[in-house]
Amino acid sequence: MGTLAQIDPAQRARSGGEIPAHVAIIMDGNGRWASARGLPRIEGHRRGVESVRRTVRHAGDRGVRVLTLFTFSSENWSRPRSEINDLFNLLRFFIRNDLAELKKNGVRIRVIGRREGLPKDIAALVEKAEMETRGNDGLVLQVAFNYGGRDELVRAMRRIGEKMVRGEIDPADFSERVFAEHLDTAGISDPDLLIRTSGEARISNFLLWQLAYTEFVFLPVYWPDFDENEFDAAIAEFHSRDRRFGGLTGV
């Protein structure tokens, strides 16, 4: 695990080397960004949407193939109802106003997490975004919405168990590959790099299976202040890591 808090600004430049194919981001700190400025929390979320736009464009420009954003967790339902409504309204606004540009830029949208319990219009918008971009071959924008890692694992095991009962899966053939095929992220490579903003150093029930060999970078900035320079700094830190995947290098 690493942090960029102590890196000299002169070193936080565009990095060379291979770009991570899959970058996942826990977008944290909207509320604290707003509170530090005496603003309502919704203003922090609005500014967070602007950061999403910047990040999607920049990730595509840098050659990232998959960008996964943790937007609304299954635990976020415990927040005040007014804030939940504000978050849903921002999602509605983002899809209705940005879908055309995303389509034009070849972005394919994929949403992971539970669909049950979502407002009907939100579920319909999510399906519309997926359907209208499914033929695109550019950046895959994977949005974790109403998502929890433990819940994903339980749902995967339930689906596998049901198939075993029906005789569609032989227990003797059960493997990591079979398990991964029943996750929400089936067909998508595991993240190479996880970025979390706001200075918190935990993964908060995000992609518990998929992060097994991911490099973690924890940034001190709040999500509304995350920009292209911060993204490039995280990639530079990624390139400084020695990824061994349990093996040895230089042998």
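- Checking side-chain atoms of Asp170 against main-chain N and O of Ala172 turns up a donor-acceptor pair under 3.5 Å.
- In this structure the side chain of Arg92 reaches within 4.5 angstrom of the side chain of Pro119, judged on heavy atoms.
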Can you check side-chain hydrogen bond (donor to acceptor under 3.5 Å, both in side chains) on Arg110 and Thr68, steps first, answer last?
-> CA-CA 9 Å; Arg110 175 173 178 156; Thr68 299; over 6 Å; no
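- Taken from OG1 in Thr197 to CD1 in Ile25, the straight-line distance is 8.0 Å, to the nearest 0.5 Å.
- Using a 4.0 Å cut-off between charged nitrogen and carboxylate oxygen, Arg47 and Glu50 count as a salt-bridge pair.
- Between Arg158 and Glu162 there is no salt bridge, since no side-chain nitrogen of the basic residue lies less than 4.0 Å from a carboxylate oxygen of the acidic one.
- Heavy-atom neighbours of Arg81 CZ from other residues, nucleotides or ligands within 6.0 Å: above the threshold of 12.
- Glu176 places a side-chain heavy atom less than 4.5 Å from the side chain of Trp209.
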Going through the distances and angles, do Val217 and Leu193 end up as a side-chain contact (heavy atoms from CB on, under 4.5 Å)?
-> CA-CA 7 Å; Val217 173; Leu193 169 65; 3.6 Å; yes
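- Side chains of Arg196 and Ser204: a donor-acceptor N/O pair is present below 3.5 angstrom, by distance only.
- With sequence neighbours excluded, the residues that form a ring pair (Phe, Tyr, Trp, His ring centres under 6.0 Å) with Phe231 are His58.
- Here the side chains of Glu75 and Asn205 are in contact, with some heavy-atom distance below 4.5 Å.
- Remark: Arg114 engages Asp151 in a salt bridge, criterion side-chain N to carboxylate O under 4.0 Å.
- Between Glu83 and Arg41 a salt bridge is recorded (basic side-chain N to carboxylate O distance below 4.0 Å).
- Going from atom NE2 of His45 over to atom CD of Glu43 covers 11.0 Å, rounded to the nearest 0.5 Å.
- Taking both residues in full, the closest heavy atoms of Ile95 and Ala129 are given as CG2-CB, 4.4 Å, listed atom of the first, atom of the second, then distance.
- Annotation: the span from Leu183 atom CG to Leu153 atom CG amounts to 6.5 Å, rounded to 0.5 Å.
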Apply side-chain contact (heavy atoms from CB on, under 4.5 Å) to Leu207 and Phe70, showing your working.
-> CA-CA 9 Å; Leu207 299 177; Phe70 199 5; over 6 Å; no
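- Checked for salt-bridge contact, Arg54 and Asp227 miss the test: no charged N lies under 4.0 Å from a carboxylate O.
- A salt bridge links Asp232 to Arg62: one of the charged nitrogens lies within less than 4.0 Å of a carboxylate oxygen.
- Val178 and Met157 fall within the same hydrophobic cluster, defined by Ile, Leu, Val, Met, Phe, Trp and Tyr side-chain heavy atoms under 4.5 Å apart, directly or through other members.
- With respect to Lys163 and Asp173, no salt bridge is recorded, no charged nitrogen being found less than 4.0 Å from a carboxylate O.
- In this structure, Ile109 and Leu99 have side chains that are in contact, with non-hydrogen atoms separated by less than 4.5 Å.
- Listed by first and then second residue, the ring pair (Phe, Tyr, Trp, His ring centres under 6.0 Å) pairs involving residues 78-125 are Phe72-Phe88, Trp77-Phe88, Phe88-Phe145 (not counting sequence neighbours).
- Salt bridge status for Glu181 with Arg159: absent, with no side-chain N to carboxylate O gap under 4.0 Å.
- Contact check for Leu211 versus Ile203: side-chain heavy atoms found under the 4.5 Å cut-off.
- The heavy-atom pair separating Asp28 from Ser198 by the smallest distance is OD2-OG, 2.8 Å.
- When hydrophobic clusters are built by joining Ile, Leu, Val, Met, Phe, Trp and Tyr residues whose side-chain heavy atoms come closer than 4.5 Å, directly or via intermediates, Val126 is grouped together with Val143.
- Side chain of Glu130 to backbone of Val111: a donor-acceptor contact under 3.5 angstrom is found.
- Within the model, atoms CZ of Phe206 and CD of Glu152 stand 9.5 Å from one another, a figure rounded to the nearest 0.5 Å.
- Annotation for Ala21 and Val64: closest pair O-CG1, 3.6 Å, computed over non-hydrogen atoms.
- No more than 12 heavy atoms of other residues, nucleotides or ligands sit less than 6.0 Å from atom CZ of Arg134.
- Hydrophobic clustering (side-chain heavy atoms under 4.5 Å, transitive across Ile, Leu, Val, Met, Phe, Trp, Tyr) keeps Tyr222 apart from Leu194.
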Test log, rule salt bridge (Lys or Arg N to Asp or Glu O under 4.0 Å), inputs Arg53 and Asp98 | CA-CA 9 Å; Arg53 293 190 179 103; Asp98 292 67; 2.7 Å; yes
For the pair Leu139 and Arg65, evaluate side-chain contact (heavy atoms from CB on, under 4.5 Å) and give the outcome as yes or no after the intermediate values.
-> CA-CA 5 Å; Leu139 173 74; Arg65 297 300 300 160; 5.9 Å; no
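- Residues Leu102 and Val56 are in side-chain contact: their nearest non-hydrogen atoms beyond the backbone lie under 4.5 Å apart.
- Minimum interatomic distance between Glu132 and Lys103 (heavy atoms only, all atoms of both residues): OE1-NZ, 3.0 Å.
- Nearest approach of Leu87 to Arg79, heavy atoms of both residues: CD1-NH1, 4.4 Å.
- Looking only at distances, a side-chain donor or acceptor of Asn105 sits under 3.5 Å from a matching main-chain atom of Glu101.
- Considering every non-hydrogen atom in both Asp184 and Gly113, the closest pair reads OD2-N, 3.1 Å.
- Taking the six-membered ring for Trp and thresholds of 30 and 60 degrees, Trp223 and Phe226 have nearly parallel ring planes, at less than 30 degrees apart.
- Between Asp192 and His22, the side chains place no donor N or O within less than 3.5 Å of an acceptor N or O (distance only, hydrogens not considered).
- Distance check: Met27 CE to Leu69 CG gives 5.0 Å after rounding to the nearest 0.5 Å.
- Note: Asn89 CG to Ile84 CD1 = 12.0 Å, rounded to the nearest 0.5 Å.
- Taking a 4.5 Å side-chain heavy-atom cut-off between Ile, Leu, Val, Met, Phe, Trp and Tyr, the cluster of Val66 extends to Val140, Ile188.
- We find that Arg32 and Glu200 are joined by a salt bridge, their nearest charged nitrogen and carboxylate oxygen being less than 4.0 Å apart.
- Under a cut-off of 6.0 angstrom, the local environment of CG in Asp121 is crowded, with over 12 non-hydrogen atoms contributed by other residues, nucleotides or ligands.
- Between the side chain of Thr71 and the backbone N or O of Ala144 there is at least one donor-acceptor pair closer than 3.5 Å.
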Residues Arg115, Asn146; criterion side-chain contact (heavy atoms from CB on, under 4.5 Å); working and verdict | CA-CA 7 Å; Arg115 304 289 173 93; Asn146 196 23; over 6 Å; no
